[in-house]
Amino acid sequence: MGEHSGFIRDSAGNYSHVSSNGTVRSLSSNTALVVKEAPVFQTPKGNFPIEITRTANIDLARVGKSVVKLARGAGTVGVALFAVDLICELANICDQNGVWTSQGNDPLPGQPNSYPATDGKWKAWGDRYVSFPEAGCRDSERITLNVGPTSQYVYSHMVQIDANTYQCYAKSTNPLYPGTWYASNTFKAPGCAEGYVISGALCVKQGLTDSHPATQADWDSAEGKLNDGRLVPELESKGQDLPVQDPQLPSPVEKTIDQKTTTDKDQSGNTTGTTQETTKIKLENPSPAENPTNNPNIIKITETTTTIKYDVNNNVINSSTTINNSDTPYPKPEETKIEFDNSTDSELEKYALPSSFSYTSWGSGQCPADRSVSYHYGTLNLTFEPACQFAEAMQPAILAIAGFLAMFIIAGVRNND
């Protein structure tokens with residue numbers, strides 16, 4: 001992208017967007033960040049602004065870190081119930097009286113340590129039963145088989161039909177395909193759920209050990225387990241930063257940068273058809289081999305020139321395509337030769353211009369003779385001698401000033417040229 005706006009990635013893999021004026025904006029709270037730009041691309045045909053749109057999707061492989069940040073900062077009361085249950089199910093860190101508690105060796109994360117035996121058990125999927133109806137509706141196998149993979153669909157809600165039956169629903173996490181779908185029913189049956197034994201009036205979970213308030217080590221080990229797309233909506237609703245993948249062009253972008261048509265003629269000068277030459281550039285995502293460092297600002301540019309020859313009836317005679325990408329140097333422009341018709345030199349006519357005027361050089365001259373003027377009272381004798389003497393005295397100064405003025409005039413003309 002050169003000097004145009006682009007992305008930077010820090011050592012932790014988080015992205016920021018840098019605009020052309022130098023401002024930096026972090027990327028957060030979007031399932032698919034969309035950035036529109038119109039950078040100027042340099043080509044042998046000139047510089048062209050091309051509008052491009054790149055998307056950066058959520059990186060589910062790194063979502064767990066954002067989940068841990070939210071859970072530890074907001075506590076169990078600041079996280080939605082479904083997210084609390086899902087964290088318990090995935091990482092075995094559950095809500096115990098308002099405290100995040102590591103269940104240690106919990107064979108049934110997300111389900112209570114005990115519950116009244118009169119509540120019975122609820123069908124998850126197949127032959128499995130759980131301790132409460134919502135757990136039956138949230139069962140991943142139920143959603144996968146009835147709606148779609150849990151990477152794209154999550155539990156939405158349930159609707160009670162009667163005391164022993166609930167309808168289960170799942171929703172899409174893909175913003176391109178929003179909606180909610182029915183995911184069959186969960187039914188109540190007598191007895192304790194799997195993993196529980198009857199103890200008096202309670203169904204008690206078996207194999208539960210080492211329960212303690214969650215520590216930093218517990219959360220660190222939970223990060224990888226919490227990389228689950230079902231937690232993304234909760235992160236968005238709480239305004240949490242979300243990691244994104246490398247920004248990509250959804251599809252290649254093409255732009256015509258040059259097109260010309262020439263008329264073809266034979267040796268006799270007769271028109272035989274036309275040749276059309278079209279040059280395009282294509283912008284696309286580089287392959288891993290072309291971008292081994294995963295630089296998010298690299299875009300592959302390929303120049304393609306297509307030449308099509310037509311006959312006089314506009315039928316295609318043949319066509320060819322040449323490709324020139326960034327790894328191939330552009331060829332030097334061909335030399336253009338201009339030929340003139342041969343002609344015989346002829347002698348130009350000459351004409352002698354007769355002299356039509358004469359002048360006296362400024363460097364010499366004579367003082368005019370005295371003049372006599374007759375008038376009513378007699379004759380008046382006029383002499384030019386005093387004026388001539390003054391002119392002779394001023395001659396060097398006048399010539400010097402005239403020379404300087406001439407020099408400035410000439411210099412001014414040259415500067416204007």
Are [X] and [Y] packed together at the side-chain level, in the sense that at least one heavy-atom pair is separated by less than 4.5 angstrom?
| X | Y | result |
| --- | --- | --- |
| Met158 | Pro133 | yes |
| Phe132 | Pro112 | yes |
| Leu226 | Leu231 | yes |
| Asp264 | Tyr310 | no |
| Asn113 | Gln96 | yes |
| Gln152 | Pro149 | yes |
| Gln259 | Gln276 | yes |
| Phe82 | Glu234 | yes |

Any idea which heavy atoms bring [X] and [Y] closest together, and the distance?
| X | Y | answer |
| --- | --- | --- |
| Glu51 | Val253 | O-CG1, 4.3 Å |
| Ala170 | Ile143 | CB-CG2, 4.1 Å |
| Ala214 | Trp219 | CB-NE1, 3.6 Å |
| Ala222 | Ile93 | CB-CD1, 4.0 Å |
| Ala183 | Asn146 | CA-CB, 3.9 Å |
| Pro250 | Thr53 | CD-O, 3.2 Å |

Does [X] reach the main-chain N or O of [Y] with its side chain, forming a donor-acceptor pair under 3.5 Å?
| X | Y | value |
| --- | --- | --- |
| Trp100 | Ala71 | yes |
| Lys123 | Arg128 | no |
| Thr215 | Asp218 | yes |
| Asp139 | Ala124 | no |
| Tyr166 | Lys188 | no |
| Asn227 | Gly64 | yes |
| Thr76 | Gly98 | yes |
| Ser268 | Asp266 | no |
| Thr305 | Thr279 | no |
| Ser172 | Tyr177 | yes |

Please name all residues satisfying ring pair (Phe, Tyr, Trp, His ring centres under 6.0 Å) with His157, sequence neighbours left out, ordered by chain then number.
-> Tyr169
Quick one: do [X] and [Y] make a salt bridge, cutoff under 4.0 Å?
| X | Y | value |
| --- | --- | --- |
| Glu89 | Arg138 | yes |
| Lys300 | Glu290 | yes |
| Glu223 | Arg62 | no |

Scan for disulfide (SG to SG under 2.5 Å) pairs involving residues 194-258, sequence neighbours excluded, and state none if there are none.
-> Cys192-Cys203
Is there a side chain to side chain contact (heavy atoms under 4.5 Å, CB included) between Val130 and Lys121 once you walk through the steps?
-> CA-CA 6 Å; Val130 292; Lys121 59 185 178 182; over 6 Å; no
Kindly compute the distance separating [atom1] ([X]) from [atom2] ([Y]), expressed to the nearest 0.5 Å.
| X | Y | atom1 | atom2 | answer |
| --- | --- | --- | --- | --- |
| Ile257 | Ile281 | CD1 | CD1 | 5.0 Å |
| Glu284 | Thr302 | CD | OG1 | 5.0 Å |
| Arg230 | Lys171 | CZ | NZ | 12.5 Å |
| Ser319 | Lys309 | OG | NZ | 11.5 Å |
| Glu141 | Thr150 | CD | OG1 | 11.0 Å |
| Thr278 | Asp258 | OG1 | CG | 8.5 Å |

Worked check of side chain to side chain contact (heavy atoms under 4.5 Å, CB included) between Val63 and Val232 = CA-CA 8 Å; Val63 164; Val232 170; 4.3 Å; yes
Between Tyr153 and Trp181, ring centroids under 6.0 Å | yes
Answer yes if the side chains of Thr165 and Asn185 hold a donor-acceptor pair under 3.5 Å, and no otherwise.
-> no
Establish, from distance only, whether the side-chain atoms of Thr263 and Thr274 form a donor-acceptor pair under 3.5 Å.
-> no
Step by step, would you call Ser131 with Gln111 a side-chain hydrogen bond (donor to acceptor under 3.5 Å, both in side chains)?
-> CA-CA 7 Å; Ser131 58; Gln111 298 192 50; 2.9 Å; yes
Just do the side chain to side chain contact (heavy atoms under 4.5 Å, CB included) check on Asp311 and Thr272 with the steps written out, would you?
-> CA-CA 6 Å; Asp311 61 16; Thr272 60; over 6 Å; no
So with a 6.0 Å cut-off around CG of Asp162, is the heavy-atom count from everything else above 12?
-> yes
